[in-house]
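These numbers were taken from a predicted model, which means no experiment stands behind them. Heavy-atom basis, side chains included; hydrogens, waters and symmetry copies ignored.
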Amino acid sequence: MWAKVYLVYAFFLVFALAVIVRMAVVMFVEGKDLLARSEEQSLRYEEVKAVRGNIYAANGSLLAASVPVFEIRMDLSPKVVPADTFRRYLRPLCDSLHAMYPQKSAVAYRRDLEKARREGRRNHLIKRRVSYDELQRMQTFPLFRKGQFKGGFIVAESERRSQPHSPLARRTIGSYNPETKYGAGLEKAFNADLEGVSGRRLTQRVAKGVWRPIYNEETVEPQNGKDLVTTIDTRIQDVAHAALERCVRENEADHGCAILMEVATGRIVAIANLTRQPDGGYTEQINYAVGESVEPGSTFKLASAIAILEEGRFDTATTVPTGVMEFYGRKMIDSRRQGYGDISFQEAFEKSSNVGISYLAHETFHKNPQKFVDYLYGMRLNEITGIEIPGEGKPYIKNPQDKSWSKISVPWMSIGYEVQLTPLQILSLYNAVANDGKMMKPRLVDEIRSGGKTVRKFEPVVLQDKIASHKTLALVRGMLEQVVQNGTGRSLAKSPYRIAGKTGTAQINYARRGGEKMLYRASFAGYFPADRPLYSCMIMITEPHKRHVYGSDLAAPVFKEIADKVYATLLKDRPEGGLNLAELAAQGLYPSAAAGYGGDLQRVFSALGLPVHDIEETTFVRMTAGGGPEETPDYRVRTVHRLKEVMPDVRGLGARDAVYILEKQGLRVQLSGRGRVRRQSVEAGQPIRKNEKVWLELN
């Protein structure tokens with residue numbers, strides 16, 4: 001019996017000794033390793049992402065920013081949401097979800113949640129891309145208001161890049177994916193500045209799936225990204241986008257682009273690119289202005305004119321043929337096939353005569369074509385501009401050493417074929433001519449800021465001090481002005497400021513076969529005001545499918561709409577570009593205005609700070625020329641006179657104003673046509689009788 005007692009005692013003694021030994025091993029041998037493993041399971045370091053910087057317009061508008069977005073999921077485990085709770089709140093929860101997102105019925109929500117409940121899902125997706133306002137509302141829903149551990153409400157936060165003014169300049173602003181490193185535009189080019197530096201912090205698990213931060217000496221706070229201040233002005237960008245979209249939409253063009261740049265600095269104030277979609281709409285999809293190298297057509301004739309004049313053999317008065325001319329067995333044809341007869345170089349440039357320009361280029365350089373190419377290289381047309389954003393198209397200026405070079409290369413290059421340039425590179429040439437020969441680097445960013453303070457400022461960069469002699473530049477500036485005054489760009493001649501520029505119409509598929517329809521590229525490049533250039537602009541419309549195909553019909557009106565907006569907004573704030581209203585008022589002179597209601601004119605002049613005399617509110621008045629021959633024509637100054645009690649001159653007025661004037665005189669009006677009054681049946685100044693009928697023909 002005692003043997004059994006001793007045996008049991010010995011067993012417990014050995015067991016106790018084993019426990020003590022194991023405890024000693026754990027404490028003194030394995031302790032450190034086990035403690036470290038325990039800490040690894042309850043502690044971890046996590047990355048704290050920096051807030052990406054914002055992108056601003058030059059006028060302070062927000063172009064791109066990171067906004068929080070949320071993904072809502074639900075833990076449907078019975079351990080979190082008991083069965084009675086789930087049954088009680090299921091229907092009202094589904095009704096609330098349907099009220100917020102009516103695309104899905106309450107019955108469908110209930111069916112999905114019941115299925116997920118049966119499958120025991122602990123991370124069931126409710127809704128992606130939920131805004132902060134929607135999140136706040138969802139937090140008040142039945143069951144969700146109980147939170148994560150009693151209502152199964154799970155919120156996952158992330159960031160999404162938003163462009164508040166989209167689609168304005170969307171492709172130029174661009175995008176960036178940190179995972180794939182793929183991007184475009186400013187977001188890609190300045191990613192290192194925008195993304196900031198991520199931080200690090202220690203977190204501890206306090207419950208399943210729940211970690212709380214532990215701040216210690218190893219915590220590294222994130223450095224938020226810096227902000228970009230661009231050169232883009234949203235006021236002008238909006239007009240450029242709208243004008244371009246209207247043009248490409250009305251003419252069913254494949255795509256188009258518009259760029260506006262400051263002459264002296266190279267700052268790009270507006271840049272728009274639109275691509276036709278299968279449904280007929282247009283979106284910012286490809287940055288044609290920067291990335292598309294094409295045969296520019298007649299806008300390239302400026303470069304040819306510079307080369308011809310620099311060589312010194314011919315001047316603007318030199319007589320040239322037009323119409324049709326053959327070069328080495330290949331015919332060169334003007335858009336007006338019968339031509340204009342023998343005209344001057346100046347006139348050939350104004351009328352954009354292919355034959356006239358190519359004839360002079362051939363006569364000047366056919367014995368030494370390399371010299372022609374050297375002049376083009378001297379204008380830096382064979383190099384990229386180096387604009388900040390990636391994807392700039394490479395220019396191509398054919399060289400006599402190229403295998404494709406032939407005897408007809410000089411004539412065809414002189415009118416914009418067998419060469420390739422992007423719209424931005426063409427604009428840089430025109431901008432240099434306006435800038436007294438100094439070629440500026442186009443840029444899109446003014447400065448980088450951190451915490452509201454400037455950390456880097458971008459100054460104007462000169463790519464080339466002089467692209468041609470002063471004499472040649474003066475000549476071509478005059479030629480460009482005459483294009484608008486007397487040539488293919490004369491639709492712009494009536495602007496209150498002088499414009500200089502060149503139209504262009506290039507055949508895209510000139511080697512077409514089998515009855516293929518001819519496709520065109522219409523463009524206009526120029527600057528304004530011509531006598532003191534401040535802004536340059538390039539418009540290019542590709543493959544219009546309506547009846548208009550010429551640069552004068554398509555691109556020039558877009559140019560004018562943008563220029564008018566600049567003149568009305570930006571130039572008025574610049575002493576070198578606006579009207580001196582105080583000086584004009586002191587002389588008793590006024591800016592030009594259409595005839596209109598006296599009260600309206602009073603309000604306009606008062607807003608401009610101009611005194612108003614002898615204008616009755618209920619009387620229609622018109623502006624007539626005043627000031628005398630010494631008057632500066634750029635100001636288009638007028639003085640005000642009241643309409644006399646005879647047949648008024650209503651030509652040039654809109655139909656509504658014309659009818660108002662005549663009916664107030666007791667006349668009956670009959671209209672034909674649309675638009676403004678072109679002709680009136682009773683001449684101005686003739687005596688009128690009450691109830692007399694007057695016919696107005698509108699254009």
Side-chain angles (χ1 to χ4, degrees), residues 231 259-269 296 298-316 345-346 349-350 357 360-361 364-365 371-387 395 397 413-414 416 419 421-443 459-484 489 497-502 504 523-538 574 576-577:
T231 60
I259 328 166
L260 179 74
M261 185 160 67
E262 275 189 1
V263 168
T265 64
R267 297 175 71 253
I268 295 177
V269 180
S298 294
T299 53
F300 192 79
K301 290 174 182 174
L302 173 62
S304 302
I306 292 173
I308 293 168
L309 293 171
E310 282 288 88
E311 187 64 6
R313 287 183 56 194
F314 304 106
D315 60 24
T316 57
F345 179 19
Q346 167 73 55
F349 191 82
E350 293 172 12
I357 303 299
L360 276 185
T364 306
F365 299 110
K371 198 163 190 180
F372 177 58
V373 174
D374 290 343
Y375 278 122
L376 300 180
Y377 286 3
M379 296 174 226
R380 213 177 178 277
L381 296 179
N382 61 319
E383 300 180 50
I384 63 173
T385 66
I387 191 171
I397 303 296
M413 288 173 64
S414 70
V419 297
L421 293 167
T422 68
L424 181 62
Q425 290 156 4
I426 300 168
L427 178 61
S428 294
L429 172 65
Y430 281 76
N431 195 83
V433 169
N435 199 29
D436 198 26
K438 185 182 294 185
M439 183 172 282
M440 306 303 298
K441 177 182 177 181
R443 62 185 174 93
E459 300 295 339
V461 176
V462 179
L463 297 177
Q464 189 156 318
D465 286 324
K466 206 77 169 177
I467 64 167
S469 67
H470 180 76
K471 178 182 178 181
T472 294
L473 290 169
L475 288 172
V476 295
R477 280 196 290 266
M479 295 170 75
L480 290 170
E481 286 191 52
Q482 290 306 309
V483 168
V484 174
Y497 49 92
R498 293 180 71 85
I499 295 173
K502 181 73 184 72
S523 56
F524 187 92
Y527 52 86
F528 61 94
D531 54 344
R532 49 186 185 278
L534 296 174
Y535 294 92
S536 59
C537 186
M538 174 74 190
R574 302 179 62 153
E576 71 272 35

### Query
Can you tell if the side chain of M440 reaches within under 4.5 Å of the side chain of L463, non-hydrogen atoms only?
no
#### Entry: A303 to L429 - nearest heavy-atom pair and separation
CB-CD2, 3.9 Å
### Query
Rounded to the nearest 0.5 Å, how far apart are OH of Y375 and CD1 of I308?
11.0 Å
### Task
Apply side chain to side chain contact (heavy atoms under 4.5 Å, CB included) to the pair V263 and N431, showing each step before the final yes or no.
CA-CA 6 Å; V263 168; N431 195 83; 3.6 Å; yes
### Flag side-chain contact, heavy atom, 4.5 Å: R443 against P460
yes
### Task
Return the minimal non-hydrogen interatomic distance between I387 and I268, and the atom names on each side.
CD1-CD1, 3.6 Å
#### Entry: Check: I397 and V419 side chains under 4.5 Å, non-hydrogen atoms
yes
### Message
Tell me whether Q425 contacts the main-chain N or O of T422 through its side chain, where contact means a donor paired with an acceptor under 3.5 Å.
### Response
yes
### Message
Any donor-acceptor pair under 3.5 Å linking the side-chain atoms of S469 with those of E310?
### Response
yes
### Query
Distance-only, no hydrogens or angles: does the Q464 side chain make a donor-acceptor pair with backbone N or O of G378 under 3.5 Å?
yes
### Query
Can you tell me how far OG1 of T385 sits from CG of L421, rounded to the nearest 0.5 angstrom?
11.0 Å
### Query
Got a donor-acceptor contact below 3.5 angstrom from the S304 side chain to the S414 backbone?
yes
### Message
Any side-chain to backbone donor/acceptor pair from K301 onto F349? Under 3.5 Å, distance only.
### Response
no
### Task
State, with a plain yes or no, whether a side-chain heavy atom of F372 is found less than 4.5 Å away from one of T364.
no
### Task
Could you walk me through whether Q346 and D315 pass the side chain to side chain contact (heavy atoms under 4.5 Å, CB included) test, one step at a time?
CA-CA 9 Å; Q346 167 73 55; D315 60 24; over 6 Å; no
### Query
Where do L381 and F300 come nearest, in terms of heavy atoms and distance?
CD1-CE1, 3.9 Å
### Task
Starting at CZ of F365, measure out to CG of L360 and round the result to the nearest 0.5 Å.
10.0 Å
### Message
Using a 3.5 Å distance criterion without hydrogens, assess whether the side chain of T472 forms a donor-acceptor pair with backbone atoms of I306.
### Response
no
### Check: Y527 side chain, N435 main-chain N or O, donor-acceptor pair, under 3.5 Å
no
### Query
Once you round to the nearest 0.5 Å, how far does OG1 of T265 lie from CD of E459?
10.5 Å
### Task
Determine the minimum heavy-atom distance between E262 and V269, stating which atoms define it.
CG-CG2, 4.1 Å
#### Entry: Considering all heavy atoms, the nearest S428-P442 contact
OG-CG, 3.6 Å
### Euclidean distance, T316 OG1 relative to L475 CG, rounded to 0.5 Å
5.5 Å
### Interatomic spacing from CE in M379 to CE in M439 - rounded to 0.5 Å
9.0 Å
### Task
Answer whether the closest heavy-atom distance between the side chains of K466 and L473 falls below 4.5 Å.
yes
## Note on the structure
Closest non-hydrogen contact found for V373 with M413 is CG2-CE, 4.4 Å
### Query
Below 4.5 Å, heavy atoms only, C-beta onward: do M538 and L424 meet side chain to side chain?
no
### Query
For V433, does its backbone N or O pair with a side-chain atom of R477 as donor and acceptor, under 3.5 Å?
yes
### Task
May I ask you to test the R380-I467 pair for a side-chain heavy-atom distance under 4.5 Å?
no
